[in-house]
Each structure stands twice: as C-alpha cells, then as structure tokens.
Number of protein chains: 2
Amino acid sequence: MNPDRQCMSDAIRDSLTSRIFDGTLKPGDRLVELEIAREFDTSQTPVREALRELESLRLVDSAPYRGTWVRGISDREMVEAYAVRGVLEQLAAELAAPRLKGDVAEIRESLALIHESARAGDIEGYAKHNLDFHRGIVLASDNEVLIQSFDRLAFEARVRLHLRSQHEPRLIERAREHDEPVDALERGDGVTAGRLLRKHTESCKQRWLDRSLTTELDTSIPERQPVNASYLS
Amino acid sequence: MNPDRQCMSDAIRDSLTSRIFDGTLKPGDRLVELEIAREFDTSQTPVREALRELESLRLVDSAPYRGTWVRGISDREMVEAYAVRGVLEQLAAELAAPRLKGDVAEIRESLALIHESARAGDIEGYAKHNLDFHRGIVLASDNEVLIQSFDRLAFEARVRLHLRSQHEPRLIERAREHDEPVDALERGDGVTAGRLLRKHTESCKQRWLDRSLTTELDTSIPERQPVNASYLS
DNA sequence: CACAGGCTCATTATCGATAATATACAGGTG
DNA sequence: CACCTGTATATTATCGATAATGAGCCTGTG
C-alpha cells in the first residue's frame, strides 16, 4: 500500500506474509506476539501492527485476548472468490481493451511463460505466471479501485495454500484457455475478451468444486491450534 | 469485522469513522495520535491501531513519521468505484435471484423508504435507504467474498462526503430506477435484474461525471493539512 | 531575493513494564 | 465417571517513557 514504509512492522508483515504463502505457516497456526517479537529482536508493538495488517488482508483471524492465527480458506470461500474474480476480470478486460489499442505484448509474455511452465509440469511456476497474466489485464484497466478489489481477493495466497494438495492438473490444457481472450484483446474486442475470461474463471471454479467433492478430504477449516501446541515442537 | 471486540482501539476506530462519515473530519485533516489519545483518555497505542485499521479501509492515508490524515476521494476514484460496484451488484442479483425464490419483501421495504425519502426531499435519508437497498441485494447473494468486496468500496463514506455539495438531485426520478430490478428479482430473473442494476449504476456514474465537469470546483483532493494547522483553531 | 545548511520542535515509532483476560488444569461433588 | 468451580499461567491489551524522524524556521551566502 505504502511501498516506502521502512518501519519494523512492515518488515514483519512481509516476512509473515511470505511464510503464509510458502506454507511455512499453515492454517490454524497460532501467531504469538512476544514469540515473533523475540524472533525479530523487537518489541510487541510492531508485531501487533503487522498482525493487524495481516488481519485486514484476511490472511489471519484474531479475537480479543485470544490471539491471532492463520486463517484457513474453505472450498466454499474459494468458489465464492472465483465468482467475484470472474466479474472483476470481465470488467477489467472491457476497460483494458480500448486502452491497450492492440498492444498486448506484455500480456503475451506472461502467456508464453504460462505455456512454458505447463509444458515443464512446473506447478509453482504456472501459478505465478498465471497470476501475473490475470493481474496484468486488471492493471491494464487503469482502474485503481478495480485493482484494489482484485488484489484483496488475495488469490496468490488462496491458490498456493491449496497447490500442494492438487492431483494431476492438466496444465497444458488449462493454459490454452488463456489464448483466446488475448486474441480478443489484441483486436480491441474487450467485451468478448471479458466474456471469455469470465468463462475461464467459471471453469476454474468448476474444477475446484469437482475436486473438493471427489477428494472429500478435510473440507473443514482449521480453526486454531490449541494453546500448548507450541510445546509439542 | 470482528463485531465482538471490546478493546479501546475499536471504540476509537468507530468514533473516528463516524466523524469522517458525518463530515466532522474533512479530507486533509490531520489525525494526531497523542491528541486523540488524550481525548479518549487512553494511550497512543490503541489510537495507532485504530488509525491503521482506518487506513486499511482507505478512509485515511499515512506516511511513516509524517502522520495520518483523512483521505480525499477524487471524482476519478468515485467513477472508478461506480464501475466496480456495477459488476458486483450485477453478480449479486444473479446469485440472489435463485436464493430469494421471489421473496423480495425485505428489499421492497428499503425501496419504499427510498421513495418516501425522495418525496420528502430528504437527501440524507435517501442516501441511507439507497445504500440499504443495494446492500440488501448483495447480502441476498449469500456470497461472503462478494459482500466483503462490496463493503470495501465504502460507498457510504464516499457518497456522504459529496452529498453536501450536491445541487438539486432529482430524487424522485432517480428512485424509480430501483423499481424494475426488484420486479425482475421477484420473478426470479436474476440476469435481467443484474443488467438493470448495472445500468442504474452506470447512470449514477454518468451523473457524477456530468456534475464534476459542470461544477468545475475543487476536483482536487486535499492532500494534508500543514503541521501547524491545529494552532489556527 | 532565492536558496542551502543546520537547528528546534512536534510527532511518530518503538520500547519495557503492567493490567486484563482466556485457557488449561486440578480438585471437589453428584 | 461426568461435570462444575476455582486457580495458575500464558498471552493479549494497554500504559508511560524514550528514540527516531520530518517539517518548519532561522541564518547566512551568492
């Protein structure tokens, strides 16, 4: 948000964020203020601020006098988020098309990387470039509020959290779904691009639904680790 | 977010929020931590937390060691927000229709109050019930993520901030734009309701654009009051 | 007069300590 | 043995004080 903040609390926030992203911190894990403060060789105050920021990003939950813990994301929420993302991206494409004037070079770059990752079977890379691709279109809309709304969905965190549990994703096939929207954007047809992108999002959502129905495992959200969980380690 | 927090920082946050809403605090006004702390007879810490929350709600801006001030909302941002709100509401209507099963009693209640306020020329009331109406449809979508995204647009704050400067708004005429979407919802036609709602939002946006072009006054955003502004009072 | 450098002061960022609260556990009771 | 009650403890919420920083001012120079 403010990229130029140099205070301790921001460093802590960023560090904790990446731990949540990379799975070091799992849903339900408790974040104990003084413990983190010791680790960063600082006091409780900046840690609290960092935690509150994470809460506003919905990466953690907290309750008064009960602490803070990593937020789990249910399949239901994932599906809800896909629905919202769909219309946001549709709008983004419609706004982006007249602005781009056919110059989709940057977007094509991300697209190429998506295909590359798909061929290599690199799930991590696929997720990253996929996000770059979609966010690129949103950025091209030049609508600050839209960009914010999109970012707040925190798709990176959501997807990464579930990546590990993914079976054999047909990456190459999925990657192809991105081609047509870009073609439409290139010829300035934002409406079509938007419709295609939304359809793409819908199919992502559907895949998620299917998977969550078939695998049947832990659709529950870890609520919070018990207090003495840290003693076990 | 967590309605059951009883800590000081939340009370401060709520108090400051309503001051921003009701115009006691104007864009550009500085929020000095110790000053607020004295007022609430508390220390700096809870005030800081409150300010950070307001920042995440984008009601205030801040920079390190430079403080916090009420955020202005430009006409451009307002227009951007309308565009996003349009697609969010459209989606909401589509999702709400099958859930409501024609039961639009609650929504009609808000609608009646809108018309009533319009007849009475009660701009404040109109704004309130109008928001209730639109939010009611979003709530009926039963999509938590969508509700969050909508709320984050903070339309209440945005609209109220500009209400005072509004000329003769043709409220009665505007109120009528809400009728058709409700009819559509009642007969379960979410797609039509969504399209109409989006069109409504577009016309709100357009009115805003027209007004901001014709009035030509202070399209600028107050950045921040100078440090010694408080001495003048 | 425009402008750079250094000084002062208001304010933020952080600290270490204390008050307040929830959780876990022990003991008693039916 | 299940259940309640009270107590110990871990942890959060808040406090008052200090360190760090930026804004404004003053001075001197060209």
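Every chain is numbered from 1, with letters handed out A, B, ... down the list of sequences. Predicted, not measured: the structure shown is a model, and the values here were computed from it.
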> How many Å lie between CZ on B:Arg52 and P on C:dT14, as a whole number?
Replying inline: 8 Å
>> Expressed as a whole number of angstroms, how long is the span from B:Met8:CE to C:dA20:C1'?
In response: 13 Å
>> Restricting to side-chain hydrogen bond (donor to acceptor under 3.5 Å, both in side chains), what partner residues turn up for A:Asp29, sequence neighbours left out?
In response: none
> Are any of B:Arg48's side-chain N or O atoms less than 4.0 Å away from OP1 or OP2 of D:dT14?
Replying inline: no
> Do A:Ile36 and A:Leu16 have side chains that get closer than 4.5 Å, going by heavy atoms?
Replying inline: yes
> A:Arg19: what forms a salt bridge (Lys or Arg N to Asp or Glu O under 4.0 Å) with it, not counting sequence neighbours?
Replying inline: A:Glu39
> Taking CD from B:Glu49 and C1' from C:dA13, how many angstroms apart are they, rounded to a whole number?
Replying inline: 14 Å
> Tell me: OH of B:Tyr65 to P of D:dA23, nearest whole Å?
Replying inline: 13 Å
> CG of B:Leu51 versus P of D:dT14: gap in Å, rounded?
Replying inline: 14 Å
>> Nearest whole Å is fine: how far is D:dA13 C1' from B:Ile12 CD1?
In response: 12 Å
>> Output the rounded distance in Å from CG (A:Leu34) to P (C:dG16).
In response: 11 Å
>> If the condition is side-chain hydrogen bond (donor to acceptor under 3.5 Å, both in side chains), which residues does B:His178 pass it with, not counting sequence neighbours?
In response: B:Asn130, B:His134, B:His200
>> Heavy-atom count check: over 12 atoms from other residues, nucleotides or ligands less than 6.0 Å from A:Gln44 CD?
In response: yes
>> Distance check needed: C:dA13 C1' versus A:Glu53 CD, whole Å only.
In response: 14 Å
>> For DNA chain D, which residues of residues 37-45 of chain A approach it to below 4.0 angstrom with any heavy atom?
In response: A:Gln44
>> Holding to side-chain hydrogen bond (donor to acceptor under 3.5 Å, both in side chains), I want the full list of residues that pass it with B:Glu202, two or more places apart in sequence or in another chain.
In response: B:Lys205
>> Run the side-chain contact (heavy atoms from CB on, under 4.5 Å) test against A:Leu139 and tell me which residues pass, sequence neighbours left out.
In response: A:Arg135, A:Ile147
>> Is the phosphate of D:dT11 approached by A:Arg30 (side-chain N or O, under 4.0 Å from OP1 or OP2)?
In response: yes
> Is any side-chain N or O of B:Arg66 closer than 4.0 Å to OP1 or OP2 of D:dA23?
Replying inline: yes
